[in-house]
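Beneath this line is the structure, given in structure tokens, with notes to follow.
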Amino acid sequence: MGATTVAGGCTFRAWAPRATAVHVSGPFNAWRTEEDAFALVKDANGYWSGFLPGLKAGNQYKFFVSHGALKGFKRDPNAREVVAPDWNCVVVDPALYPWHDAEFRAPAFEDLIIYQLHVGTYYAVDQFGKDRRAGRVAKFLDVLGRVEYLAALGVTAVQMLPIAEFQTKFSLGYNGVDFFSPEFDYAVSPLEIGPYLTQANALLAAKGRTLLKQEDIQGAANQLKVLVDVMHVYGLAVIFDVVYNHAGGDFGDESMYFFDRLPPGDNNDSLYFTDQGWAGGLVFAYWNAGVRQFLIDNAVFLSAEYHADGIRYDEVSVIDRFGGWHFCQDLTSTVRHFNPAVAQIAEFWNERQDLVVAPTDAGGAGFDQVWHAGIRDAVRAAIEQSTGGKDATVNLAPVRDALSTPGGFDGAWRAVQMLENHDLLLSSHSPQDRRPRIASACDPSNSRSWYARSRARVANAILLTGAGVPLIFMGQEILEDKHWSDSVDDPDHRIWWDGLHQDRAMGDHLRFTRELIALRRRLISLRRGRTNVFHAHDPTRVLAFHRWIEGHGEDVVVAATLSESTHYGYALGFPKPGRWVEAFNSDVYDRWVNPQVAGNGGQVFAGGPAMHGLPSSASIVLPANGVVVFALAVDT
């Protein structure tokens, strides 16, 4: 579909079953219309096609669509790139970009550790390291400045908020209107490319890869490919966030909403959409086979041309609500057939979340994973209760339940768990839809107090050692305490990267997060193991769980407390007798290295009587508002 370069020119293909004529126009024919432009030929299924000699990558074009008296220029819904200032479509040859990621293999779904970011506000500095985000949208290539940081953090996948072209000045990305084209505001102009090319080549050279040329990095499409490519070279999978439940509300006369419209007077004159609104736009017409194919093609396109390792589908709940369940089945089956390694993640808040990850042949939607609120809601509730003081009641039962495999799921890894995400923390959301960042929730009066620092470590440790696939939101790893904004004109809600050098708490929390992620990656039981929460005691505010894989020989015990006093000599059940190495202690990271750390000297010995439903026990030290992780020693 759209414009495709072939030997000697370019083919064009458009879906317009109701049109009486479709022409191709551009600078190559002085933007002529109708009989003076290049005409496409219609087939029996409503697809128009033709071959135009001499065109190549970089040529601009639009379709001129006629339906009786209704006629005008239209953007190609399948255009691989759209450019300012006139929103012209650009011919892109996907074979021209020289990928460097042939050796990269995405992690197994169970091994995902996801980092969610918003390209437009995440990070941008000039050649002197000064923040450039004030009044300027950050670019795809600006994110290159954080690739080494993300690789060192240890996450295995980066999930960008939607990057499809949108018409507003700034956006979360959930109001896209040109689904195949990257947002052109995220691209840098040819005049700016020099320093970015130098940076990209330095990153590639450090990994022994060939260097890029100036022409390889021109335009939004190639610049997005550069970012994905370099992330792959540094071991980071890339997950694209797509919106197939609706399109943006500000379409414009040349958009796909008006691409092949019916004459005025019809209840709905759009080929692609229903007349039902959602989130400021219109819901797609899932009953229409051409619409279904358009969306499925988009998902396959991201995997084929942008080497996507995963796709996060926004609000599948809405797709289901408007009759799109069978569309979801076709979508997931097609993407899986094309590349079974692509993780397909649904956002689905309707009842029976297990059905959305059930196989299609069992009536499910066929997604691999689904966003889940279990750990988020339970841990946040416990944290909120703990801020009532040392004598407040903290109910750990919801946390215990949230650490179990969700009902109906065939594995805990099917659930993507989180404490923060873009929706919860957006500054412009109404108070009832917004939640504080974890750092602020842990101590509403002072997000840098010991209470805030230590409770935040407990919350994040439960997420990163617990069941499911963890997702962290940009800034969470450095104890960011502000809500975020998608607007470049909102300086009060940007990630404060300078805090890593000016705020000791932020640097310490980054070290804590980095080493906790490293522990998760080192101990397979923390990623794939079963979970038994064997102790949840409200009076002491202590929670403990066992993680293991049958027959693997690796056993891990995680003990956490929201008590404001250290528990010395706390008797705790253990699944096996022997020596247990203290593999992690959150108390070490408070004012690193904490000179007053409360710990277990690196190990404990389990040899006591059966306790908490386990065959053995040990006496441990559990630091106030702390977490310790024990791993069964290999010599046991």
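Just so it is clear, the structure is predicted and the values come from calculations on it, not from any experiment. When reading the values below, keep in mind they use all heavy atoms of this one structure, side chains included, and skip hydrogens, waters and symmetry mates.
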Is the number of heavy atoms from other residues, nucleotides or ligands under 6.0 Å of [X] [atom1] greater than 12?
X: Tyr451; atom1: OH; result: no
X: Gln502; atom1: CD; result: yes
X: Gln199; atom1: CD; result: yes

May I ask you to test the [X]-[Y] pair for a side-chain heavy-atom distance under 4.5 Å?
X: Glu554; Y: Leu523; answer: yes
X: Val628; Y: Pro623; answer: yes
X: Glu582; Y: Asn585; answer: yes
X: Trp371; Y: Gln353; answer: no
X: Leu519; Y: Arg521; answer: no
X: Leu526; Y: Arg547; answer: yes
X: Thr561; Y: Thr540; answer: no
X: Leu203; Y: Glu148; answer: yes

Original post:
Residues in salt bridge (charged side-chain N to carboxylate O under 4.0 Å, His left out) with Arg146, at least two apart?
Top reply: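 Counting only residues at least two positions away or on another chain, Arg146 forms no salt bridge (charged side-chain N to carboxylate O under 4.0 Å, His left out).
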**OP:** Please list, chain by chain and in numerical order, all residues satisfying salt bridge (charged side-chain N to carboxylate O under 4.0 Å, His left out) with Arg522, sequence neighbours excluded.
**Re:**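 Listed in chain order: nothing, the list is empty.
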Quick one: side chain to side chain donor-acceptor pair (under 3.5 Å) partners of [X], sequence neighbours excluded?
X: Ser317; value: Glu315
X: Arg591; value: none
X: Glu550; value: Arg530, Trp548

For [X] and [Y], work out which heavy atoms get closest and say how close.
X: Val556; Y: Val629; answer: CG1-CG1, 3.5 Å
X: Ser445; Y: Asp443; answer: OG-OD1, 2.7 Å
X: Arg541; Y: Gly389; answer: NH2-O, 2.6 Å
X: Val469; Y: Phe109; answer: CG2-O, 3.4 Å
X: Ile311; Y: Ala299; answer: CD1-O, 3.6 Å
X: Met160; Y: Leu227; answer: SD-CD2, 4.0 Å

Considering residues at least two apart in sequence or located in another chain, which fulfil the side-chain contact (heavy atoms from CB on, under 4.5 Å) criterion with [X]?
X: Arg527; answer: Asp111, Arg520, Ile524
X: Ala378; answer: Pro398, Val399, Ala402
X: Lys207; answer: Arg209, Val233, Tyr234
X: Arg380; answer: Arg376, Glu420, Leu424, Leu425, Arg435, Pro436, Ile438, Ala441

**OP:** For Asp486 and His422, run side chain to side chain donor-acceptor pair (under 3.5 Å): C-alpha distance rounded to whole Å, both residues' side-chain angles, the deciding distance at 0.1 Å, then the answer.
**Re:** CA-CA 10 Å; Asp486 56 349; His422 68 284; over 6 Å; no
Gap separating the [atom1] atom of [X] from the [atom2] atom of [Y], nearest 0.5 angstrom:
X: Ile495; Y: Met506; atom1: CD1; atom2: CE; answer: 8.5 Å
X: Asn460; Y: Ile472; atom1: CG; atom2: CD1; answer: 7.5 Å
X: Ser485; Y: Leu172; atom1: OG; atom2: CG; answer: 8.5 Å
X: Thr156; Y: Ile113; atom1: OG1; atom2: CD1; answer: 5.0 Å
X: Asp309; Y: Met231; atom1: CG; atom2: CE; answer: 11.0 Å
X: Thr513; Y: Leu479; atom1: OG1; atom2: CG; answer: 8.5 Å

Do any N or O atoms from the side chain of [X] and from the backbone of [Y] form a donor-acceptor pair under 3.5 angstrom?
X: His546; Y: Thr531; result: no
X: Gln476; Y: Phe473; result: yes
X: Asp481; Y: Ala439; result: no
X: Asp587; Y: Ala598; result: yes

Original post:
Do any pairs count as a ring-ring contact (aromatic ring centres under 6.0 Å, His included) and have a residue in residues 615-634, sequence neighbours left out, and if so which ones?
Top reply: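 ring-ring contact (aromatic ring centres under 6.0 Å, His included) check on residues 615-634 returns Phe574-Phe630.
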**OP:** For the pair Arg312 and Glu347, evaluate salt bridge (charged side-chain N to carboxylate O under 4.0 Å, His left out) and give the outcome as yes or no after the intermediate values.
**Re:** CA-CA 7 Å; Arg312 184 264 188 191; Glu347 181 191 15; 2.9 Å; yes
Between [X] and [Y], do the side chains contain an N or O donor and an N or O acceptor separated by less than 3.5 Å?
X: Tyr313; Y: Gln344; value: yes
X: Tyr186; Y: Gln223; value: no
X: Tyr174; Y: Asp241; value: yes
X: His100; Y: Asp229; value: yes

Original post:
Which is it for Tyr122 and Phe140 under the ring pair (Phe, Tyr, Trp, His ring centres under 6.0 Å) test, yes or no, and what are the steps along the way?
Top reply: CA-CA 10 Å; Tyr122 180 56; Phe140 291 127; over 10 Å; no
Please state whether the rings of [X] and [Y] are parallel, tilted or perpendicular, taking 30° and 60° as the class boundaries.
X: His483; Y: His493; result: tilted
X: Trp484; Y: His118; result: tilted
X: Tyr306; Y: Phe240; result: tilted

Only distances under 3.5 Å count here; give the side-chain donor-acceptor pairs of residues 412-419 to other protein atoms, sequence neighbours excluded, each with its distance to 0.1 Å.
residue: Arg414; atom: NE; partner: Asp410; partner atom: OD1; Å: 2.8
residue: Arg414; atom: NH1; partner: Asp368; partner atom: O; Å: 3.0
residue: Arg414; atom: NH2; partner: Asp410; partner atom: OD2; Å: 3.2
residue: Gln417; atom: OE1; partner: Ile375; partner atom: N; Å: 3.2

Original post:
Is a salt bridge present between Lys482 and Asp492, judged by a nitrogen-to-oxygen distance below 4.0 Å?
Top reply: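 No, Lys482 and Asp492 are not salt-bridged.
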Original post:
Is a salt bridge present between Arg457 and Asp590, judged by a nitrogen-to-oxygen distance below 4.0 Å?
Top reply: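 Counted as a salt bridge, because a side-chain N and a carboxylate O are separated by less than 4.0 Å.
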Subject >> Tyr589-Phe584 aromatic ring centre distance below 6.0 Å >> reply: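 Yes; Phe584 has its ring centre under 6.0 Å from that of Tyr589.
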**OP:** Any side-chain hydrogen bond (donor to acceptor under 3.5 Å, both in side chains) involving residues 608-634? Give me the pairs, sequence neighbours left out, ordered by first then second residue.
**Re:**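 For residues 608-634, and leaving out neighbouring residues, the side-chain hydrogen bond (donor to acceptor under 3.5 Å, both in side chains) pairs sorted by first residue read Ser454-Asn625, His535-His612.
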